[in-house]
Trainee: 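Would you mind keeping the following structure in view while I ask a few things?
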Amino acid sequence: MSELRYTANTQLEQLHSRYTGTGHADTTKYEWLTHQHRDTLASIIGHPPLLGYVSIADGECQARERFELIEKMVQPCGKPPGKTDE
């Protein structure tokens with residue numbers, strides 16, 4: 001049973017090191033939301049049909065919409081909250 005637990009923990013550590021958006025015990029809500037928003041924006045930019053749909057909905061050309069989405073990826077959820085000492 002302990003071997004199974006060791007294997008599961010090892011796999012979880014490898015998952016966290018490979019994919020930063022998966023989070024960990026100390027991930028804040030802001031960090032998690034930022035990862036989710038960036039992943040969504042990157043998916044829209046990376047799939048031309050989705051980019052075309054968003055650009056038509058906003059009434060912009062695809063190049064302009066791509067530029068705005070890339071700019072939004074810098075701080076997708078606004079400024080980070082202040083640090084609290086706990």
Side-chain angles (χ1 to χ4, degrees):
M1 184 68 169
S2 65
E3 290 178 15
L4 180 63
R5 188 176 308 135
Y6 176 74
T7 304
N9 284 338
T10 304
Q11 290 175 348
L12 188 62
E13 288 174 4
Q14 288 176 344
L15 177 75
H16 290 313
S17 66
R18 183 177 293 164
Y19 304 107
T20 57
T22 55
H24 48 80
D26 297 328
T27 302
T28 64
K29 181 178 178 181
Y30 175 79
E31 290 172 343
W32 186 80
L33 283 173
T34 301
H35 286 298
Q36 294 299 315
H37 279 78
R38 284 187 180 141
D39 287 347
T40 301
L41 293 172
S43 179
I44 292 171
I45 292 168
H47 292 89
L50 281 176
L51 184 62
Y53 179 79
V54 173
S55 65
I56 290 171
D58 287 345
E60 298 281 346
C61 68
Q62 287 188 9
R64 181 68 184 170
E65 193 66 38
R66 180 181 290 116
F67 174 76
E68 289 177 2
L69 291 175
I70 290 172
E71 269 191 340
K72 192 185 285 188
M73 288 176 74
V74 174
Q75 284 188 336
C77 298
K79 294 184 179 181
K83 300 279 182 179
T84 58
D85 294 332
E86 293 180 8

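The first residue in the sequence is number 1, and the count goes up from there. Just so we're clear, the structure is a prediction, and the values are computed from it rather than from any experiment.
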Trainee: Can you give each donor-acceptor pair under 3.5 Å made by side-chain atoms of residues 50-59, sequence neighbours left out, with the distance rounded to 0.1 Å?
Mentor:
residue	atom	partner	partner atom	Å
S55	OG	L51	O	3.2
S55	OG	G52	O	2.8

Trainee: Looking only at heavy atoms, which two atoms of Y30 and G78 are closest? And how far apart?
Mentor: OH-O, 2.8 Å
Trainee: Which residue, R38, Q36, E31, forms the side-chain contact (heavy atoms from CB on, under 4.5 Å) with T34?
Mentor: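 In the set R38, Q36, E31, the residue that makes a side-chain contact (heavy atoms from CB on, under 4.5 Å) with T34 is R38.
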Trainee: Less than 3.5 Å apart, which donor and acceptor atoms pair up between the side chains of residues 63-75 and the rest of the protein, not counting sequence neighbours?
Mentor:
residue	atom	partner	partner atom	Å
R64	NE	E68	OE2	3.3

